[in-house]
Amino acid sequence: MAEVVLAERDRSRTEDKIDYFGVHHLALNTDDMKMTVDFYAGVLGMRLVHAMKVPPGLGTGAGNRGNPPFEEIRHYFFDMGRDGLLAFFEMPKGAKQKGDRNALGAMQHVSFAVSPQSQACICERLEAHKIPYDGPLEILPGIFSIYVFDPNDIRLEFSCQPSNGEGEPRIVPQVTQTKAEALSELRSLSGNEQWLVWATGGLRE
C-alpha cells in the first residue's frame with residue numbers, strides 16, 4: 001500500500017523523506033478587503049485571525065520577498081481549518097486587471113474540506129445572503145461538492161465525504177487509485193514503461 005495512505009492523516013512523505021503537512025496558507029488577492037472580510041467571516045464563518053499591513057520596503061523596495069509590488073498594502077488571514085490559513089492581499093483599486101482563472105499559472109479554484117452538515121450550513125448561509133451556488137454534485141466517487149464565486153470572482157468549492165460522517169474526512173485514501181486504474185490513463189501520456197513504473201510506484205496493485 002502507498003506510503004501516503006499509511007502515513008498519519010496530517011502529513012505525507014515523499015520517497016526523499018520530505019515531510020508535508022498540508023497547506024500552511026493560501027494567499028489570494030482582492031481590491032476590497034472590507035468586502036472580503038464580510039464574505040469570508042460574515043457569510044462563510046471563517047474566523048479573521050490576523051490583520052496587518054505589509055511593512056514598508058517589502059513592496060517595491062529591495063526587501064520584496066514575493067509580495068505584490070505595492071507598499072504597505074493590507075494582508076489579512078482567516079482560519080480555514082486544520083491549522084491552515086487563507087490569506088488575502090488588498091491591491092490598490094484599478095492597479096491590476098482581473099485575472100483569468102483558466103490561464104496557465106492561474107488558480108482555477110480552491111476546494112475546502114467540510115463535513116456534510118457543514119456543507120448544508122454553508123448552503124443555508126449562501127441562500128440567506130441570496131448568493132447563487134451549484135450543487136451538491138458528486139465530483140469523484142463518494143465526494144460531493146458545491147461551487148460558489150466569492151465577491152472577488154474567485155471560484156470556491158466545498159467538498160464533503162458522507163461516508164466519513166461528520167468527522168474529518170480521509171481525503172487521500174478516498175481518491176487513491178490502484179496501479180491498474182492509474183495506468184489506464186497514464187498510458188495515454190507516455191508509453192515509456194520505466195516511467196510508468198516510476199509514476200505508479202506509490203500505488204497498490
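Throughout, numbering of the chain's residues begins at 1 and tracks the sequence. Basis for what follows: all heavy atoms, side chains included, without hydrogens, waters or symmetry-related copies. It should be emphasised that the depicted structure is a prediction, and the values quoted were computed from it without experimental measurement.
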I want to check something: taking the side chain as every heavy atom from C-beta on, are [X] and [Y] in contact at a cut-off of under 4.5 Å?
X: Leu156; Y: Leu44; answer: yes
X: His75; Y: Asn67; answer: no
X: Leu86; Y: Phe112; answer: yes
X: Arg101; Y: His109; answer: no
X: Thr36; Y: Glu90; answer: no
X: Thr176; Y: Arg204; answer: yes

For the [atom1] atom on [X], are there more than 12 heavy atoms of other groups (residues, nucleotides or ligands in this structure) within a distance under 6.0 Å?
X: Glu138; atom1: CD; answer: yes
X: Arg47; atom1: CZ; answer: no
X: Asn192; atom1: CG; answer: yes

Nearest 0.5 Å, what's the CG-OG distance between Leu140 and Ser145?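 Leu140 atom CG to Ser145 atom OG measures 8.0 Å (nearest 0.5 Å).
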
Hey, could you give me the CE/CD1 distance between Met91 and Ile73, rounded to the nearest 0.5 Å?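 Spacing of CE (Met91) from CD1 (Ile73) equals 4.0 Å.
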
Assess the residue pair Ser159 and Glu157 against the criterion (side chain to side chain donor-acceptor pair (under 3.5 Å)); give the C-alpha distance rounded to whole Å, side-chain angles, the decisive distance to 0.1 Å, and a yes or no. CA-CA 6 Å; Ser159 304; Glu157 179 180 1; 3.2 Å; yes

Cluster link [X] to [Y], ILVMFWY, side chain under 4.5 Å:
X: Phe89; Y: Phe39; value: no
X: Val37; Y: Met46; value: yes
X: Met52; Y: Val49; value: yes
X: Val114; Y: Val43; value: yes
X: Ile146; Y: Leu137; value: no

Salt bridge check: are Lys96 and Asp31 linked by an N-O gap of less than 4.0 Å? no

Is any NZ, NE, NH1 or NH2 atom of the basic residue among Glu193 and Arg187 found under 4.0 Å from an Asp or Glu carboxylate oxygen of the other? yes

For the pair Ser163 and Gln174, evaluate side-chain contact (heavy atoms from CB on, under 4.5 Å) and give the outcome as yes or no after the intermediate values. CA-CA 10 Å; Ser163 63; Gln174 182 73 25; 4.0 Å; yes

Trace of the side-chain contact (heavy atoms from CB on, under 4.5 Å) decision for Leu203 with Glu181: CA-CA 10 Å; Leu203 300 177; Glu181 289 169 334; over 6 Å; no

Determine the sole option in Gln161, Glu166, Glu168 for which the side-chain hydrogen bond (donor to acceptor under 3.5 Å, both in side chains) test with Asn164 is passed.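 Result: among Gln161, Glu166, Glu168, Gln161 is the only option passing the side-chain hydrogen bond (donor to acceptor under 3.5 Å, both in side chains) with Asn164.
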
Using ring centroids (six-membered ring only for Trp), state whether Phe88 and Tyr40 fall under 6.0 Å.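 When the ring centroids of Tyr40 and Phe88 are compared, they turn out to be within the sub-6.0 Å range.
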
Are the side chain of [X] and the backbone of [Y] linked by a donor-acceptor contact shorter than 3.5 Å?
X: Glu71; Y: Val54; result: no
X: Gln119; Y: Phe158; result: yes
X: Asn152; Y: Ile154; result: no

Under the criterion side-chain contact (heavy atoms from CB on, under 4.5 Å), I'd like the reasoning laid out for Met107 against Leu26: C-alpha separation, chi angles, the key distance, then a yes or no. CA-CA 11 Å; Met107 188 190 77; Leu26 173 65; 4.3 Å; yes

Test of understanding: with ring-ring contact (aromatic ring centres under 6.0 Å, His included), list the residues that count as partners of Phe144, not counting sequence neighbours.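 Scan of Phe144 (ring-ring contact (aromatic ring centres under 6.0 Å, His included), adjacent residues dropped) gives none.
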
Between Ile131 and Val148, is a side-chain contact (heavy atoms from CB on, under 4.5 Å) present by the stated rule, with each step listed? CA-CA 8 Å; Ile131 299 171; Val148 64; 3.6 Å; yes

